[in-house]
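Written below as structure tokens is the structure these notes are about.
Since the structure is predicted, the reported quantities are computational estimates derived from the model, not experimental observations. All values below were derived from every heavy atom in this structure, side-chain atoms included, with hydrogens, water molecules and symmetry-related copies excluded. Numbered from 1 within each chain, the chains take letters A, B, ... in sequence-line order.
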Amino acid sequence: MERAIIPNADTVVVLDFETTGLSPDMGDRAIEIGAVRIEQGEITGRFQALMNPGVRVSSFIEDYTGITNSMLKDAPSCGEVMHQFADFINGYNLVAHNASFDKRFLDAELGMISRGYTGQFACSMLVARRLYQNSPDHKLGTLINHANIPSEGTFHRALYDSEMTTKLWLSMLGVMHEQYAISNAPFKLLQTLAKTPKSAVRRLLERSSSNKK
DNA sequence: TGCCAGGCCCTCTTTAGGGCCTT
């Protein structure tokens, strides 16, 4: 499953944060980062690290993620981990499920250590809302089932969620490749698709489906 | 103790409101 059928897929880093809450503007911090690098449709790198946010994590977050305060007690600081992660993403384009959430935390954590990044973000959730319009909802776990992608790990851990988002991303590239034989610049393609009105994508899919009959 | 955000997108819409999705 790690090799997709896209011949000219460009390099992206798919990432996922676990955090103390929903908003860095309200003081929430990252507690884990997981990421997968895809080159030519193949996974060529992984990054995973717990980080100590300097504050206690709520019991809700401990239950939600399985990441406990004792696990974070001896973890390296957010700054130390984020320096390493800034080196890992290395200017590549970035993908996340509900990317606006992860982008806010990436911006906040890198801002605290005066680091940045030059790649652009694309959102797998916005693409999935267009390509998988019949899915019961567009949570990551639901989409994995809807796309018949095998899963046997625990959601809500950063590396596993980034691995599943990677498989979803490659699956959606596969849909575009099979339906429209489009394989050049797939990041840009799906980034553009995420901004295309859902109704327009629905008509495109219906037309493609009827042409195949 | 209990609460907090923000972007997208639909609709009973656009001078708005509310659900979804992320932790």
Side-chain angles (χ1 to χ4, degrees), chain A residues 12-36 47-69 71-72 75 78 81-82 85 94-112 120-147 149 151 153-169 171-172 190-206:
Chain A
V12 297
V13 170
V14 183
L15 64 96
D16 182 68
F17 277 105
E18 304 304 318
T19 70
T20 64
L22 293 173
S23 174
D25 290 341
M26 300 293 289
D28 289 318
R29 298 296 304 272
I31 57 173
E32 187 181 38
I33 177 71
V36 173
F47 187 101
Q48 184 275 331
L50 291 170
M51 53 189 122
N52 188 331
V55 296
R56 282 192 65 78
V57 171
S58 70
S59 57
F60 172 81
I61 293 297
E62 285 188 320
D63 292 342
Y64 188 79
T65 65
I67 299 170
T68 64
N69 284 291
M71 291 165 67
L72 297 173
C78 293
V81 170
M82 293 308 297
F85 188 62
L94 305 167
V95 172
H97 199 68
N98 197 12
S100 66
F101 174 85
D102 293 281
K103 182 178 186 301
R104 282 200 302 278
F105 278 93
L106 183 65
D107 290 349
E109 293 293 348
L110 289 183
M112 289 182 198
Q120 296 179 25
F121 259 97
C123 178
S124 58
M125 184 187 74
L126 294 182
V127 177
R129 279 179 175 170
R130 287 157 177 79
L131 285 189
Y132 296 135
Q133 298 193 21
N134 293 328
S135 179
D137 60 52
H138 297 87
K139 295 181 176 74
L140 180 58
T142 305
L143 287 164
I144 291 298
N145 287 331
H146 183 76
I149 296 169
S151 64
T154 305
F155 284 99
H156 305 308
R157 285 301 299 267
L159 183 58
Y160 188 74
D161 281 6
S162 61
E163 299 251 16
M164 290 297 102
T165 302
T166 296
K167 292 182 178 182
L168 177 65
W169 185 257
S171 170
M172 294 191 295
L190 293 196
Q191 194 186 38
T192 301
L193 190 69
K195 297 173 185 171
T196 305
K198 284 176 70 175
S199 56
V201 177
R202 188 183 306 122
R203 287 194 296 273
L204 195 66
L205 293 171
E206 288 169 353

Residue [X], side-chain atoms from C-beta onward, closest of [options]:
X: A:Arg129; options: B:dC8, B:dT22, B:dT23; answer: B:dC8
X: A:Lys198; options: B:dC10, B:dA5, B:dG6; answer: B:dC10
X: A:Tyr64; options: B:dT22, B:dC8, B:dT23; answer: B:dT23
X: A:Asp161; options: B:dC4, B:dT23, B:dC21; answer: B:dT23

Worksheet item: Is it true that the side chains of A:Asp137 and A:Thr142 contain a donor and an acceptor less than 3.5 Å apart?
Response: yes
Whole angstroms only, please: what is the [atom1]-[atom2] distance between [X] and [N]?
X: A:His97; N: B:dT23; atom1: NE2; atom2: C1'; result: 13 Å
X: A:His146; N: B:dC21; atom1: NE2; atom2: P; result: 13 Å
X: A:Lys103; N: B:dG7; atom1: NZ; atom2: C1'; result: 12 Å
X: A:Phe121; N: B:dG6; atom1: CZ; atom2: P; result: 17 Å
X: A:Phe155; N: B:dT22; atom1: CZ; atom2: P; result: 10 Å
X: A:Asp28; N: B:dC3; atom1: CG; atom2: C1'; result: 12 Å
X: A:Met125; N: B:dG19; atom1: CE; atom2: P; result: 16 Å
X: A:Asn98; N: B:dG7; atom1: CG; atom2: P; result: 11 Å

Looking across every strand, which nucleic acid part, if any, lies under 4.0 Å from [X] by heavy atom: base, sugar-phosphate, or nothing?
X: A:Met26; answer: base
X: A:Ala158; answer: nothing
X: A:Ile31; answer: nothing
X: A:Asp137; answer: sugar-phosphate

Worksheet item: Is there side-chain contact between A:Glu18 and A:Asp16, with at least one heavy-atom pair below 4.5 Å?
Response: yes
Discussion item. Are A:Leu110 and A:Phe85 packed together at the side-chain level, in the sense that at least one heavy-atom pair is separated by less than 4.5 angstrom?
Written reply: no
Discussion item. Using OP1 and OP2 only, check whether a side-chain N or O of A:His156 sits under 4.0 Å from B:dT23.
Written reply: yes
Discussion item. Please confirm whether the shortest side-chain N or O distance from A:His138 to OP1 or OP2 of B:dC20 is below 4.0 Å.
Written reply: no
Practice prompt. Return the 5'-most residue of the pair A:Ser199, A:Asp102 with respect to DNA chain B, ranking by each residue's nearest nucleotide.
Written response: A:Ser199
Worksheet item: How do A:Asp25 and A:Lys139 order along DNA chain B: which one's closest nucleotide is nearer the 5' end?
Response: A:Asp25
Response to the item:
Heavy-atom nearest pair, A:Pro53 first then A:Ala30, reads CB-O, 3.9 Å
Work out how far the [atom1] atom of [N] is from that of [M], and round it to whole angstrom.
N: B:dG17; M: B:dC12; atom1: C1'; value: 10 Å
N: B:dT13; M: B:dG18; atom1: C1'; value: 12 Å
N: B:dT14; M: B:dC8; atom1: C1'; value: 15 Å
N: B:dA5; M: B:dT23; atom1: C1'; value: 11 Å
N: B:dC10; M: B:dC4; atom1: P; value: 26 Å

Worksheet entry | Spatial distance of atom NZ (A:Lys167) from atom CD1 (A:Ile149) [nearest 0.5 Å] | 8.0 Å
Discussion item. Set out, in order, the CA-CA distance, both residues' side-chain angles and the distance that settles side-chain contact (heavy atoms from CB on, under 4.5 Å) for A:Leu22 and A:Phe101, then state yes or no.
Written reply: CA-CA 8 Å; A:Leu22 293 173; A:Phe101 174 85; 4.1 Å; yes
Item to complete: Flag yes if more than 12 heavy atoms outside A:Lys198 fall under 6.0 Å of its NZ atom; otherwise flag no.
Response: yes
Item to complete: Quick one: sort the A:Tyr160 and A:Phe155 rings into parallel, tilted or perpendicular, breaks at 30° and 60°.
Response: perpendicular
Discussion item. Heavy atoms within less than 4.0 Å of DNA chain B: which residues of residues 16-23 of chain A have one? Give them sorted by number.
Written reply: A:Asp16, A:Phe17, A:Glu18, A:Thr19, A:Gly21, A:Leu22, A:Ser23
Worksheet entry | Stepwise side-chain hydrogen bond (donor to acceptor under 3.5 Å, both in side chains) check, A:Ser23 with A:Asp28 | CA-CA 5 Å; A:Ser23 174; A:Asp28 289 318; 5.3 Å; no
